[in-house]
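Note that the coordinates shown come from a computational prediction; the quantities given were computed from them, not determined experimentally.
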Amino acid sequence: MLSTRSLSRLSSRLPPRLSFSFSSSSPPSRVGLEIPISYMHGEPSPTVLPRSEYPPWLWNITSSKTLGQLDKMKDDRGFDGMELEEQKRYVKLEGRRAIKESNEDSTT
């Protein structure tokens with residue numbers, strides 16, 4: 001795992017547009033900032049809205065556990081010790097892994 005110091009050093013090498021900082025203060029407000037995607041010809045680009053304008057589920061998208069995290073959880077607590085949603089996600093991701101392995105085996 002990279003330390004904050006090494007991440008700061010890496011971020012200083014990024015172009016100014018892609019750089020990020022690791023400060024403890026809250027991030028600057030980006031409300032009203034134009035998002036340069038121009039997906040409709042002749043229409044203005046969309047802008048960032050206040051957080052309250054977005055649906056609540058949007059803020060939980062990245063909270064899903066990875067297969068590695070679920071494997072560790074299964075080893076620690078056992079499959080029956082996991083919550084139902086975690087069990088479902090584990091079975092789904094395990095199935096995907098099995099399919100990928102099967103596909104790799106069939107191509108070699």
Side-chain angles (χ1 to χ4, degrees):
M1 177 178 248
L2 294 171
S3 67
T4 303
R5 185 179 197 177
S6 59
L7 286 173
S8 294
R9 225 177 296 134
L10 286 172
S11 71
S12 67
R13 293 186 215 153
L14 292 173
R17 200 169 179 198
L18 300 175
S19 67
F20 48 94
S21 63
F22 296 95
S23 64
S24 59
S25 63
S26 61
S29 174
R30 298 187 195 308
V31 174
L33 183 70
E34 187 175 284
I35 305 168
I37 57 174
S38 300
Y39 63 94
M40 292 180 67
H41 183 69
E43 294 292 321
S45 294
T47 58
V48 177
L49 300 173
R51 193 176 184 104
S52 61
E53 296 292 319
Y54 294 100
W57 59 262
L58 183 64
W59 310 114
N60 298 325
I61 288 177
T62 59
S63 63
S64 297
K65 292 182 175 57
T66 63
L67 182 56
Q69 292 170 324
L70 293 170
D71 270 336
K72 185 174 183 328
M73 204 180 294
K74 182 178 158 245
D75 292 342
D76 294 344
R77 296 189 260 168
F79 187 76
D80 293 331
M82 298 166 66
E83 293 178 19
L84 180 61
E85 291 302 315
E86 293 169 338
Q87 289 176 352
K88 287 179 183 179
R89 181 154 174 81
Y90 178 79
V91 170
K92 175 182 173 180
L93 295 178
E94 188 61 42
R96 283 185 187 169
R97 178 173 31 185
I99 290 170
K100 286 179 183 179
E101 287 175 3
S102 173
N103 290 341
E104 287 175 1
D105 292 343
S106 66
T107 59
T108 56

Nearest non-hydrogen partners of Leu93 and Leu70, listed with the distance: CD1-CD1, 4.1 Å

CG on Leu33 to OG1 on Thr47, rounded to 0.5 Å: 8.5 Å

Exam field: side chain Glu53 to backbone Pro50, donor-acceptor pair closer than 3.5 Å: no

Shared hydrophobic cluster, Ile37 / Tyr54 (ILVMFWY, side-chain heavy atoms < 4.5 Å): yes

Same apolar cluster: Ile99 and Tyr90, side chain cutoff 4.5 Å: no

Nearest-0.5 Å distance that lies between atom NZ in Lys100 and atom OG in Ser102: 13.0 Å

Ile61 with Ile35, same ILVMFWY side-chain cluster at under 4.5 Å: yes

For the student: nearest non-hydrogen atoms of Asp71 and Arg97, plus distance: OD2-NH2, 3.1 Å

Atom pair NZ/CZ of Lys72 and Arg77 - distance to nearest 0.5 Å: 10.0 Å

For Glu34 against Ser45, the heavy-atom pair lying closest together: CG-CB, 3.5 Å

Euclidean distance, Asn103 CG relative to Glu101 CD, rounded to 0.5 Å: 10.5 Å

Heavy-atom closest contact (Asn60 atom, Pro56 atom, distance): ND2-O, 4.0 Å

Of all pairs that satisfy salt bridge (Lys or Arg N to Asp or Glu O under 4.0 Å), the ones with a partner from residues 58-67, not counting sequence neighbours: Lys65-Glu86

Cluster check Val31, Trp59: I/L/V/M/F/W/Y, side chain < 4.5 angstrom: no

pair Glu85-Arg89: side-chain heavy atoms closer than 4.5 Å: no

Closest contact, heavy atoms only, Phe79 versus Gln87: O-NE2, 2.8 Å

